[in-house]
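A short worksheet on the structure shown next.
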Amino acid sequence: NIVCGFPYFFSSNVIKNSKYPIINCHGGDLPNYRGGSPLSWQIINNEKNIFISTLLISKGIDDGKMLLKKKFKLKKNMNILDVQNKANSIFPKLIIQSIELLINKKKLKRQIGRIKVYRQRTPADSFFVPKKTKYLELRNLHRATFPVYCPPFFLEKNNIIFIEKFKLINENKKNINFRNKFYLKLNDFNIVINKYKKIKFI
């Protein structure tokens with residue numbers, strides 16, 4: 001039995017009565033990346049490497065006994081889609097190796113280390129306040145969401161602006177042009193937004 005990206009708890013009866021061990025494929029290092037949206041959180045936290053893991057399913061939040069873990073380098077040009085594709089290309093081999101461990105009845109260890117549980121991200125988590133956000137924070141938030149999830153967005157007068165493409169600039173521009181592109185002042189740098197979606201609200 002294999003579970004991937006299942007955001008719900010298994011009941012004690014399901015776990016206990018399962019004919020075979022249930023392998024959970026988790027997109028994060030354990031125990032410090034338990035919970036939801038682990039791939040996105042790793043990008044947001046500016047990790048140098050992305051970890052994925054296999055473990056036995058349990059009643060708690062990703063707290064079962066460890067099987068295997070694997071890491072790959074998070075390159076600067078990788079976004080969440082790239083990371084998901086890379087992780088999905090590794091998981092099949094990791095699953096086979098995990099099954100072999102169970103067949104050979106290898107002794108499994110409990111998770112050791114700092115425990116941190118992350119919540120499942122929602123579209124609302126992509127909201128940011130420009131004056132309180134640094135360039136690196138926005139860049140990582142953008143990489144962790146676009147093009148799979150809701151991209152970073154902010155409020156400008158009566159508009160919600162969803163950022164799809166932007167770059168760092170040095171010059172200080174104050175005029176905003178919604179027809180083509182416009183400039184935004186962050187906490188530490190200025191950016192030019194080349195591609196965006198605008199939704200008017202009251």
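On a predicted model such as this, the values are computed, not experimentally measured, just so you know. Throughout, residue positions are numbered sequentially from 1 according to the sequence presented. The figures here come from the full heavy-atom set of this structure, side chains too, leaving out hydrogens, waters and symmetry mates.
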In one Ile/Leu/Val/Met/Phe/Trp/Tyr side-chain cluster, 4.5 Å: Phe146, Ile43 = no

Side-chain donor or acceptor of Ser37 paired with backbone N/O of Gln120 under 3.5 Å | no

Whether His26 side chain and Pro38 backbone form a donor-acceptor pair below 3.5 Å = no

Looking only at atom types and distance, does a side-chain atom of Asn32 sit under 3.5 Å from a main-chain N or O of Lys116, one as donor and one as acceptor?
-> no

On a heavy-atom basis, the closest approach of Leu39 and Ile52 is CD2-CG2, 4.4 Å

Report yes if the side chains of Gln42 and Leu74 come closer than 4.5 Å at any heavy-atom pair, otherwise no.
-> no

Closest heavy-atom pair, Arg121 versus Thr145, reported as atoms and distance to 0.1 Å, is NH2-CG2, 4.5 Å

Any donor-acceptor N/O pair, Asn1 side chain to Tyr20 backbone, under 3.5 Å = yes

Of Phe127, Phe153, Tyr196, Phe154, which meets ring pair (Phe, Tyr, Trp, His ring centres under 6.0 Å) against Phe162?
-> Phe153

For Lys86, look at atom NZ and say whether over 12 heavy atoms of other residues, nucleotides or ligands are found less than 6.0 Å away.
-> no

Please report the shortest heavy-atom distance between Tyr149 and Ala144, naming the atom on each side.
-> CD1-O, 3.9 Å

Nearest heavy-atom contact between Leu138 and Pro152 is CD1-CB, 3.7 Å

Is a side-chain N or O of Ser126 found less than 3.5 angstrom from the main chain of Cys150, in a donor-acceptor match?
-> yes

Donor-acceptor pair, Asp188 side chain versus Tyr135 backbone, under 3.5 Å?
-> yes

Between Asp125 and Arg119, does at least one N-O distance fall below 4.0 Å, as a salt bridge requires?
-> yes

Look only at the side chain of His142 and the backbone of Pro151, and say whether a donor-acceptor pair between them is shorter than 3.5 Å.
-> no

Do any N or O atoms from the side chain of Gln111 and from the backbone of Gly64 form a donor-acceptor pair under 3.5 angstrom?
-> yes

So, does Asn85 use its side chain to make a donor-acceptor pair with the main chain of Asp82 at under 3.5 Å?
-> no

With rounding to the nearest 0.5 Å, note down the distance linking CG in Leu67 to CG in Leu101.
-> 6.5 Å

Minimal non-hydrogen separation, Ile161 against Lys198, with atom names | CD1-CG, 3.7 Å

What is the minimum heavy-atom distance between Lys75 and Arg143, and which atoms define it?
-> O-NH2, 2.7 Å

Nearest 0.5 Å please: distance from the OG1 atom of Thr54 over to the CE atom of Met66.
-> 6.0 Å

Would you sort out whether Leu102 and Leu56 count as a side-chain contact (heavy atoms from CB on, under 4.5 Å), showing the intermediate values?
-> CA-CA 10 Å; Leu102 295 172; Leu56 292 184; 4.2 Å; yes

Can any side-chain N or O of Ser18 pair as donor or acceptor with the backbone N or O of Val14 at less than 3.5 Å?
-> no

